[in-house]
Amino acid sequence: MHALAFSLTALALVGCPQSEDHGAWRAELFTERENEPRIEPTFDETIRTPDRLRGIAAPAPDGGVVRVACFTCHGILQVELSTRAPTPLQPDVLGPHVGLLFDHGTLDCAHCHDPADPSHLRTADARSLPTTEALELCSQCHGLQWTDFQHGAHGGMRGHWDLNAGPRERNHCVDCHDPHRPAFGQYRPMPPPRDRFVPTPPHRANHGADHASDAHGEGPHDVQGEEAQDDEAHDDEAQEETP
Amino acid sequence: MSALNRRRLLKGAGATLGALAFAKAIEPVFEFTSNLSGDEFLQKHYRELSPDDLRTVLARLEAETKEKYGADVTIRDIRPQDGVQFGYALNLSTCIGCRRCAEACHVENNHDRKTHQSYIRVFEMQQGSFDMEQGDATYDHPVPQPGRYYMPVQCQQCDNPPCTKVCPVEATWKEKDGIVVVDYNWCIGCRYCEAACPYHARRFNWEAPEISAEEINPNQSYLSNRIRPQGVVEKCTFCLHRTRTGALPACLEACPTGARVFGNLLDPDSEIRWVLENKRVFVLKEELGARPRFFYFFDV
């Protein structure tokens, strides 16, 4: 490897004497760090656990929204998940699940939910998983996305690229994809730049600080599915309730 | 006698007009120098500043920001790390064109609020086409639209940067971690670099940026996001005030789909290296030979 790098460098020096050190770093790619011992990073990479995995946002008696753990209802109510065929709307599903939009391939409830224990998920090899470990469940089918995710090439993140300098937080699948309707919807984009050559549309003339403070928020605003996703849409305001 | 008077009169009128025209022509010079402190005028090039000089310059710039914008800011000089070469990759399959990256850049880098400037321009492109001339950077409708894809373009931090070569005063150069920077106090505003950049990545400050004190990001550095003076060129610096301290750039953190991948090209375990080795990456306008460090890829 060193000999190769040396001959490449020699070639570069002889072949193009004016090229200075442009691209010299590329030669370093395979020599400098390859034989160094791998040092365990000082800080951790953590994956968020969205509230959505810990229960359902249900209407509270006072008109607000409350987060209800699955066991709160399903400890008493027995449901036969496997009999339900997937439909876009499920009017036969009672309580807080009413209006749940379901559009996830050809799956039905029991493909992911454990019929024996509704507060758990069930993998393809019939293991029961707590809902908070949904990542493992999703990755059974979405292998390409899982591979990308493991290498930091899928899903948003915040923090440090250098884990020796600080920690990093990764989004969970469910942060961005509603497991019942995983496709990304349409969003209203942030306002465009106002070039000297582009006239300012009147409705945007007063734009400014309102968007600035919003830039590190949760995510773009869904313009299509705001009403459709009613049981999940209030996740931020929902309070935790322990069974 | 009368002929002589006429000649004198014409001479006098001509001379007066000439003097007035000259005074008008050089007026901007006086306007310019009245805004320029003696220290600023005598300041050396960034790379020739001694540590003591630099401390003085940073303190002066902080004081000027306080005076002009009313904000308490910290302007640091953050040097490249050894063994770090930055690279960036962007997944065009997952980008939805929401412009959150451009907005985050706008806020992070203290851009002019009036023009809503940003170092990132997101093109709405026709699927099946790479003609950026046909790309629309000012769309304002729900995204993504069917039949379109979205391509954010910012400084590509080229390894063979055309922009630095044309600078007549060496006010812009490539740092050893790969980031192309501008010394805003050395730039003369000729805009040659803006014309030389094949990616339209540089911006010119036609006016001094307008930004209220509470909106100013106080975490600033000399070579990146400090508020630029009027009449100089600015550009994306991969948020070097963040990335040189190990943090992710603001545009990546803002991306809701995770289309952006950033890291150290020299680290074989880094995310960017995995993408370069496992995805079919390409660069924009490769035929120009600028050797960008900003890579694009599609998932399929």
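A note on names: the letters A, B, ... follow the listed sequences, proteins ahead of strands, and every chain is numbered from 1. The structure displayed is predicted, hence computed values, not measured ones.
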Inset, instruction - Begin with the C-alpha distance, continue with both residues' side-chain angles, and end with the deciding distance and a verdict on salt bridge (Lys or Arg N to Asp or Glu O under 4.0 Å) for A:Arg168 and B:Glu271. - result: CA-CA 13 Å; A:Arg168 187 190 302 160; B:Glu271 289 77 19; 2.9 Å; yes
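With a 4.5 Å cut-off on non-hydrogen atoms, B:Phe86 touches chain A through its side chain but not through its backbone. With a threshold of 4.5 angstrom between heavy atoms, B:Gln145 approaches chain A through its backbone and through its side chain. Interface remark: B:Thr257 contributes backbone and side-chain atoms alike to the contact with chain A (heavy atom separation under 4.5 Å). The contact between B:Ala137 and chain A is made entirely by backbone atoms, counting heavy-atom distances below 4.5 Å. Residue B:Val275 touches chain A through its side chain alone, counting heavy-atom pairs closer than 4.5 Å. Looking at B:Lys279, only its side chain comes within 4.5 Å of chain A, counting heavy atoms on both sides. With a 4.5 angstrom heavy-atom cutoff, A:Asn164 does not touch chain B via any of its atoms.
Contact between A:Pro189 and B:Asp140 at its shortest, heavy atoms only, is CG-OD1, 4.4 Å. Between A:Arg194 and B:Arg113, the closest heavy-atom pair is NH2-O, 3.4 Å. The minimum heavy-atom distance between B:Pro142 and A:Arg188, with the atom names listed, is CD-NH2, 3.9 Å. Counting all heavy atoms, side chain and backbone alike, B:Pro144 lies closest to A:Gly185 at CD-O, 3.7 Å. Between B:Leu248 and A:Arg158, the shortest heavy-atom contact is CD1-C, 4.0 Å.
Residues B:Tyr139 and A:Pro192 are not in side-chain contact: their nearest non-hydrogen atoms beyond the backbone lie 4.5 Å or more apart. Looking at A:Pro191 and B:His116, their side chains come closer than 4.5 Å, going by heavy atoms from C-beta outward. The side-chain heavy atoms of B:Asn278 and A:His151, taken from C-beta on, include no pair separated by under 4.5 Å. For the pair B:Asp299/A:Leu144, no side-chain contact is recorded, criterion being any heavy-atom separation below 4.5 Å from C-beta on. Here the side chains of A:Gln186 and B:Pro146 are in contact, with some heavy-atom distance below 4.5 Å.
Aromatic ring pairs are classed by plane angle as parallel below 30°, tilted from 30° to 60° and perpendicular above 60°; the pair A:Trp161 and B:Phe262 is perpendicular.
Rounding to the nearest 0.5 Å places CE of A:Met190 at 5.0 Å from CD of B:Glu103. Separation of atoms CG (A:Leu163) and OG (B:Ser270) is listed at 11.0 Å; rounding is to 0.5 Å.
Heavy-atom neighbours of B:Glu170 CD from other residues, nucleotides or ligands within 6.0 Å: at or below the threshold of 12. B:Glu286 CD: 12 or fewer foreign heavy atoms inside a 6.0 Å radius.
Of all the listed residues (B:Thr245, B:Val143, B:Val261), the one sharing the greatest number of non-hydrogen pairs under 4.5 Å with chain A is B:Val143. Among A:Gly152, A:Gly155, A:Gly156, the residue with the largest count of heavy-atom pairs under 4.5 Å with chain B is A:Gly155.
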